[in-house]
Amino acid sequence: MILKIFLAFSLLVSVVYAQSVVDFCVADLNLRIGPTGYTSNFFRVAVTGAFDATLPGLNGLGLSMFRLDIDVGGVVPIHTHRVSELIVVIEGTLLAGFSDSDDTAYFKALNKGDVMIFPQALLHFQVNVGDVPALAFVSLNSANPGFQLVVLCLPTTIVQKITLIDEEQVKKLKSNIGGTN
C-alpha cells in the first residue's frame with residue numbers, strides 16, 4: 001500500500017514539475033483568480049494540459065487532453081492541429097467553429113453538455129459568448145497534437161500581403177500573441 005501511495009505521489013510531483021517553467025510568479029491580487037492562480041492574458045483563457053511533454057506516460061498512446069477556462073469574451077484564436085479534436089462544454093456558452101478546405105464555415109453556439117469535433121488540420125476557434133466564464137475539455141487523438149497559429153511563423157511583410165492588414169496592425173497582433181515581427 002505504501003508503495004502505491006509513493007508511486008502516485010511521485011507521478012503527481014513529476015506532472016506538476018513538468019508544467020513549471022519558472023521558479024515563481026508574483027500574484028497580482030487585483031486580477032481574477034482561476035485554476036492557474038491570479039492571471040491575465042490577452043485572450044482571457046487558461047489552458048491546462050495532459051500531453052506527452054507534461055505527462056511522459058502518454059507517449060505512444062495517441063491521446064491528449066486539455067482543460068480550457070475561458071473568461072467572458074475570452075477566445076481561443078483560430079489555429080490548427082495535425083489531428084482531430086473533440087470539445088465538451090461543461091459550463092457556459094462557447095461559439096465554436098471551423099472552416100473546411102472548400103472555405104465553408106461550420107460554427108455553432110455550444111452550451112453545457114454540447115460536443116463538437118474539429119476535423120484534422122482544419123482551422124478552428126472557440127469564443128466565450130456567454131455571461132459567465134466557460135469551462136470545456138478538449139481531447140485530441142495524439143499525445144503530441146501540435147498547435148499552430150499561422151501568423152506567428154510568417155514574417156510581418158508576408159502576413160500583410162496575405163491578410164490585407166496594414167503593418168502596424170500585424171505587428172500589434174503578433175506582439176499580443178507572441179509572434180516575432
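Between the side chains of H124 and E85, at least one donor N or O lies within less than 3.5 Å of an accepting N or O. Using modelled atom types and a 3.5 Å distance limit, the side chains of S84 and N141 yield no donor-acceptor pair.
Atom OG of S64 and atom CG of L55 lie 11.0 Å apart (nearest 0.5 Å). Note: F118 CZ to T80 OG1 = 11.5 Å, rounded to the nearest 0.5 Å.
Q148 is not listed as a side-chain neighbour of H79, based on a closest heavy-atom distance of 4.5 Å or more. Side-chain contact between V75 and V45 is absent, with no heavy-atom pair separated by less than 4.5 Å. Looking at heavy atoms from C-beta onward, R67 lies in side-chain contact with L135 at the 4.5 angstrom threshold.
Checking Q169, E168, E167 one by one against K171, the side-chain hydrogen bond (donor to acceptor under 3.5 Å, both in side chains) holds for a single residue, E167.
A continuous path of hydrophobic side-chain contacts links F125 to L122 [ILVMFWY only; heavy atoms under 4.5 Å].
Less than 6.0 angstrom separates the ring centroid of F147 from the ring centroid of H81.
Contacts classified as ring pair (Phe, Tyr, Trp, His ring centres under 6.0 Å) and involving residues 84-106 (residues at least two apart or in different chains) are given here: F98-Y106.
For F51, the ring pair (Phe, Tyr, Trp, His ring centres under 6.0 Å) partners are F66, not counting sequence neighbours.
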